[in-house]
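Report on one structure; see the data block that follows.
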Amino acid sequence: MATTGTEELSGIGSDEGASGDGVRRRDFIEIAAVSAAGVGALATLVPLVSQMAPSKDVLAESTTELDVSAIETGQAIKAVFRKQPVFVRNLTPAEIEAANAVDVGSLRDPQTLAERTKEGHENWLITMGVCTHLGCVPLGAAEGEPRGEFGGYFCPCHGSHYDTAARIRKGPAPLNLEVPEYTFTTDTTVVIG
Amino acid sequence: MSFPWAKNYEPVNPVMRFFDEKLPLPRFVYNAVGAGYPVPRNLSYLWNFGVLAGFCLVLQIVTGVILAMHYAANAGVAFNSVEHIMRDVNWGWLMRYAHANGASFFFVVIYIHIFRGFFYSSYKAPREMIWLIGVVIFLLMMATAFMGYVLPWGQMSFWGAKVITGLFGAIPFVGEPLQVWLLGGFAPDNAALNRFFSLHFLLPFVIAGAVILHIWALHIPGSSNPTGVEVKTESDTLPFHPYFTAKDGFGLGVFLIIYMAFVFFLPNYLGHPDNYIPANPLSTPAHIVPEWYFWPFYAILRAFTGDLTIPLLGIQIIPAKLLGVLAMFSAILVWFFLPWLDKSPVRSGHYRPLFRKFFWFGLIPTMLVLFWCGGAPAEEPYVMLSQLATAYYFAHFLIILPIISSIERPERLPSSITEAVLGTDKPATAAA
Ligand code: HEM
Ligand code: FES
C-alpha cells in the first residue's frame with residue numbers, strides 16, 4: 001500500500017502495542033525518562049538550597065581565643081564569637097555558693113553549675129550572651145548593668161532573669177544561656193569554638 | 001466575565017482599531033476598568049481601598065527602584081548609604097521618606113480593605129478565591145515590609161531581624177539549623193542583609209502577579225456592594241468609567257493629601273528613632289518593637305508566657321516560645337477559613353444585627369487592644385490584656401462567628417440594589 005508511512009505513525013501512541021493488561025512497552029521508556037529528569041531536577045535543588053547556608057568565610061570565623069587574666073573576681077566581659085556576644089564571668093565564692101544552693105530539680109532547664117563550667121575552672125562562667133527567648137543580649141556583663149532578681153543576667157526585651165550560673169529562673173526564655181564549646185589551653189587562655 | 005449588558009469595545013480612532021486587531025490590549029483595559037465593566041451603582045467609599053492599594057504598590061515599586069540605584073546592601077556601608085540618600089542624592093530624602101511612609105500607608109489602606117471584607121463578608125461565595133488570594137498578598141506584604149525594614153541596618157533593623165528569624169528557631173528539631181540557613185550565618189550579618197535586599201526587590205513583583213490573579217478572580221462574579229445583594233438587572237449597575245474612575249480619583253486625592261502631610265511634615269512619626277543608630281550586634285535596644293503595622297500580631301506572639309503542659313503530671317507539650325509563634329501565624333491563617341466559618345447566607349453586616357454587635361464591640365476593640373499592647377513594653381498590664389484580647393480574637397473567628405451564623409435572624413434585605421438606592425424596584429426614568 002502506498003500510505004504505509006502515515007498508518008505506521010498513527011499506530012504509535014495508540015493501544016496497539018499494549019498487552020492484555022493495558023501496559024504498553026513504550027510506558028517503560030516514558031516512566032524512565034520522566035524519572036531521570038525528575039531526579040536531575042531534584043539534584044539542582046542541592047546547590048539552590050545550600051548556597052543559603054553559611055559561606056566558608058563565615059565559618060572560618062568560628063573560633064575565638066581570649067586572654068582572661070585581666071578579669072577580676074566578680075567582673076565579667078563581653079567577647080565576640082561568631083558575631084555574637086559571649087559573656088565571660090569570674091564568679092565570686094558567694095555567687096558560686098548561691099548557684100549551688102539551688103534545688104536543681106526545681107529549675108526549668110535543670111543543670112548544676114558544675115555541668116556548666118570546666119573542672120578546675122569552676123569560677124569561670126562562659127556563656128553565650130544571647131537570650132534563649134528571642135535572641136536579645138541580656139544585661140549584667142558590663143559594670144553597672146542590672147543583673148536581675150537572681151544576680152546573674154537580666155534580659156530587658158521580655159523580662160527573662162538568669163541566675164549566677166546563667167540558668168533561666170524567671171520570664172519567657174525556655175533554656176539556660178547556652179554554654180559554647182570551649183577549652184582552657186592555658187590557665188588564662190580560653191579557645192571558644 | 002461580565003454582565004450581558006456590558007458595553008462592547010468599539011474603537012473609533014483608526015490607530016486604536018489597528019492596535020486592537022493585532023493585540024486586544026485596549027479592549028482588555030476597556031473591559032477591566034473602563035466603560036465596559038459594569039459595577040454595582042451603590043459602592044461606597046470603602047470600595048476605594050482596592051484601587052488605593054494598587055496605587056501604593058506602584059508607588060513602592062517606583063520609589064523602591066530609585067532607592068535601589070543609590071543603596072548599597074553591605075553591612076559595612078548600608079547605614080551610611082541610606083544617610084547618603086538622605087543628604088547627598090538629589091531628592092533622595094523625598095524618595096526615602098515617600099518609600100518608608102508609603103509602606104505604612106500601604107498597610108493603613110490594606111487594613112481598611114481587609115476589615116471592609118470582614119464587615120461585608122466579602123469572603124463568601126462566590127468570592128472565596130478573591131479572599132484567599134488576598135490573604136496570600138497580605139502575607140507577602142508582611143514579608144516584604146519586614147525585609148525592607150532591615151535594609152537601613154539600624155538598631156531596630158538588626159534586632160528586628162534577629163527576633164523575627166529567632167521565631168523560626170522555636171520550631172522543634174529543625175529550628176536552629178533553619179535559622180542559621182535563613183541568615184546564612186549565626187547572627188544577622190552581611191549574608192542576611194544581601195539576601196533580604198534581593199528578596200525585598202523581588203517580592204513586590206510577586207505581589208503584583210498575585211494582584212493580577214486577585215482582580216481576575218474579582219472580575220468573574222464582579223464586585224460585591226454595601227447591601228450584599230447580588231446584581232440582578234442593568235439598573236443595579238453603572239459603568240466603571242466614568243462613574244467609579246471619578247470616585248476613585250477623588251478618594252486618591254484625599255489619600256494623597258494625608259500621605260503627603262506625613263511625608264513632608266511628619267516623616268519620622270511612624271518610624272522608630274533607634275533606627276537612626278547604626279546596628280550594633282553587642283547591644284540590644286531597651287525596647288525592641290516592630291513597625292506599627294505588626295503590633296497586633298506581635299502582641300499575640302508575646303501573649304504566651306507559659307508552657308502548655310499536661311496538668312498534674314507537669315509534662316511539657318509545647319514550650320511557651322513555640323506556642324507564641326504558632327499563635328501569631330494562626331492569627332492570619334485563620335482568615336483563610338473564614339468563608340467556611342461564617343455560614344450565614346446574608347453578606348452585609350448592615351442586615352445582621354448580632355454579627356454587627358460582635359464586629360463593633362468585639363473584633364474592633366480587640367484589634368485596638370492588641371495593637372496598643374504590641375507597641376508597649378512586655379509588662380503588666382499589657383501582658384494580661386494581650387492574653388485576654390488574643391483569647392477573644394481566636395474565639396471570634398472560631399466560635400462566635402459560626403454560632404452567630406446559625407442563630408441570627410437577619411433583617412429584611414432589599415429585593416435589589418436598585419430598590420436599596422431608589423426605594424423602588426423600577427429604574428429611575430424621569431428626573432429623580
Ligand atoms: C510591597 C512593596 C514594598 C514595601 C511594603 C516596602 C517596604 C520597605 C520598608 C518598610 C523599608 C524601610 C524604610 C526605612 O525605614 O528606611 C524599605 C526600604 C527599602 N526598599 Fe522597599 N518596599 C517595597 C517595595 C520595594 C521595591 C520594589 C524596591 C526595589 C526595587 C524596594 C527597595 C528598597 C530599598 C533599596 C530600601 C532601603 C532604603 C531605605 O531604607 O530607605 N522596595 N522598603
Ligand atoms: S529575648 Fe530575652 S526575654 Fe525575650
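Proteins come first, then strands; the chains are lettered A, B, ... in the order of their sequence lines, and each starts at number 1.
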From the list B:G184, B:G169, B:G324, the residue making the most non-hydrogen contacts under 4.5 Å with chain A is B:G184
Of the listed B:V180, B:L182, B:D189, the one with the largest count of heavy-atom pairs under 4.5 Å with chain A is B:D189
Point to revise | From CA spacing to verdict: side-chain contact (heavy atoms from CB on, under 4.5 Å), B:H200, B:L151 | key: CA-CA 9 Å; B:H200 183 71; B:L151 303 184; 3.7 Å; yes
Please work out which of the three classes, parallel, tilted or perpendicular, describes the rings of A:H161 and A:F154, given edges at 30° and 60°.
-> tilted
If one checks every heavy atom of A:K78 against chain B at 4.5 Å, the contacting part turns out to be side chain
Margin query: Parallel, tilted or perpendicular: which one describes the rings of B:Y111 and B:F138, with boundaries at 30° and 60°?
Written below: perpendicular
| request: Classify the ring geometry between B:W335 and B:F297 as parallel (under 30°), tilted (30 to 60°) or perpendicular (over 60°). | output: perpendicular
If one checks every heavy atom of B:I288 against chain A at 4.5 Å, the contacting part turns out to be side chain
Legend entry - N-O pairing of A:E95 and A:R147 below 4.0 Å: yes
Looking only at A:T132, A:V49, A:V80, most heavy-atom pairs under 4.5 Å shared with chain B are made by A:V49
The interface call for B:L178 against chain A, heavy-atom contacts under 4.5 Å, is neither
